[in-house]
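Take a look at the structure below.
All chains are named by letter (A, B, ...) in the order of the sequence lines, taking the proteins before the strands, and each is independently numbered beginning at 1.
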Amino acid sequence: MSDADATADEGGGDGPRDCLPADVDAVRDALVSWYEDDHRSFPWRETTDAYEILVSEVMSQQTQLERVETAWREFLDRWPTVHDLAAAERGDVVGFWTGHSLGYNNRARYLHEAARQVVEGAVGPSDRPHGAGETGGGDGEFPEEPAELAELMGVGPYTANAVASFAFNNGNAVVDTNVKRVLYRAFDVPDDDEAFAVVAGALMPDGESRVWNNAMMELGGVACEKVPSCDEAGCPWRRWCHAYETGDFTAPDVPTQPEFEGSRRQMRGRVVKALSNHDELPLDTLGPKVRVDYTPDGEHGREWLRALVADLAGDGLAELEERDGETVARLR
DNA sequence: CTCCTGTGAA
DNA sequence: TTCACAGGAG
């Protein structure tokens with residue numbers, strides 16, 4: 001159970017680390033520069049207050065960021081500090097939650113309970129080591145270690161790392177579904193939680209969790225979404241990205257394909273919509289915008305797409321052109 | 001591991 | 001009306 005088992009690796013000898021690009025530093029710099037150059041601004045990116053960060057994270061788990069913004073401001077307006085929240089009536093907190101359509105009102109209960117834990121000093125290293133008296137103890141200070149934050153009700157690994165990172169610049173690499181998608185596409189990391197954790201951790205520059213986790217989430221949010229926008233978003237990882245190279249933008253979390261999905265009519269609509277935003281697109285660039293499970297050589301791949309666009313061309317809506325060995329599509 | 005939650009999209 | 005979502009609890 002020591003580190004000796006590191007040598008007793010699996011027979012193949014290729015671990016998740018083999019997914020890492022050779023020039024990790026260049027990869028890191030590219031992402032951080034891209035993020036710092038321009039990113040969405042959210043009010044919780046302007047604070048390092050752990051309580052405020054925690055509230056934003058809990059709200060973000062279930063609600064689109066746009067609506068979270070309003071709710072977050074009003075929540076903090078009503079309960080500005082962790083002490084205020086701890087002293088609140090549970091019913092008021094839950095009432096606020098439902099009143100703002102924040103979903104899962106259990107999360108409101110958890111948040112309220114977490115506030116009490118902090119105020120009572122029920123978490124952290126100074127988990128009342130000396131008999132500090134029953135009434136004192138907690139000073140309302142949040143612990144700064146992810147493992148201690150995770151003791152808070154409603155705070156799991158994800159939220160713990162997010163708070164540790166954004167409040168204290170003291171987190172590990174955040175691994176959520178967006179990060180998984182990015183790593184899966186960019187570095188061909190296998191769809192395996194352990195692999196994601198290892199690669200995410202190895203990529204993150206030491207002691208830079210705040211900017212790094214912000215940048216990774218930004219990347220997944222505005223460039224490497226389910227339907228990717230590599231060029232539109234100026235993705236900083238295009239030169240290393242496995243998916244960008246192969247045109248296979250499948251993601252670990254997208255195999256769901258409801259009945260109404262996949263109809264030819266819907267696919268035609270997507271082609272037209274995608275093309276209307278561009279003068280022209282190579283088939284392999286158009287593909288992922290039409291089907292998230294597009295792979296050039298897959299069942300719904302390049303030839304499938306070529307036929308689809310050819311149909312549109314037959315209807316006088318689009319046209320195909322061969323150029324330098326690749327096919328581009330455009331509207332007519 | 002299974003289950004759960006409220007919302008919005010299909 | 002069903003169901004995906006996305007974390008966390010138990």
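The CD atom of Q62(A) sits 15 Å away from the C1' atom of dA4(C) (whole-angstrom rounding). Note: NZ (K226(A)) to C1' (dA6(C)) measures 10 Å, nearest angstrom. Atom pair D193(A):CG and dG8(C):P shows a separation of 13 Å (rounding to whole Å applied). Distance CG (N178(A)) to P (dA6(C)): 7 Å, rounded to an integer number of Å. Between the CD atom of E113(A) and the P atom of dG10(C) there is a distance of 10 Å, rounded to whole Å. As rounded to whole Å, 17 Å separates atom P of dA6(C) from atom CG of L102(A). Taking atom CZ of R107(A) as the reference point, atom P of dA6(C) lies 12 Å away to the nearest angstrom. Remark: P of dT7(B) and CG of L65(A) are 18 Å apart, rounded to the nearest angstrom.
Between K180(A) and the phosphate of dG7(C), there is no side-chain N or O to OP1/OP2 separation shorter than 4.0 Å.
Using modelled atom types and a 3.5 Å distance limit, the side chains of T159(A) and Q61(A) yield a donor-acceptor pair. Y294(A) and D248(A) form no side-chain donor-acceptor contact under 3.5 Å, judged by distance and modelled atom types alone. Neither side chain, T70(A) nor E74(A), offers a donor N or O lying under 3.5 Å from an acceptor on the other.
Checked against dA9(C), dG6(B), dG7(C), the side chain of N105(A) finds its nearest nucleotide in dG6(B). For Y158(A), the listed nucleotide lying nearest its side chain is dG7(C); candidates were dA9(C), dG7(C), dT7(B). Closest approach to the R67(A) side chain among dT7(B), dC5(C), dG7(C) is made by dT7(B) (side chain taken as heavy atoms from C-beta onward). When distances are taken from the side chain of P157(A) to each of dG6(B), dG7(C), dG8(C), the shortest belongs to dG8(C).
Within the 4.0 angstrom heavy-atom criterion, no nucleotide atom of any strand lies near T63(A). T98(A) comes within contact range of no nucleotide atom at all, as no heavy-atom separation falls under 4.0 Å.
Relative to the ring axis of W72(A), R67(A) does not place its NZ or CZ within 45° and under 6.0 Å from the centre.
A distance-only check finds no donor-acceptor pair linking the side chain of E46(A) to the backbone of S41(A) [under 3.5 Å].
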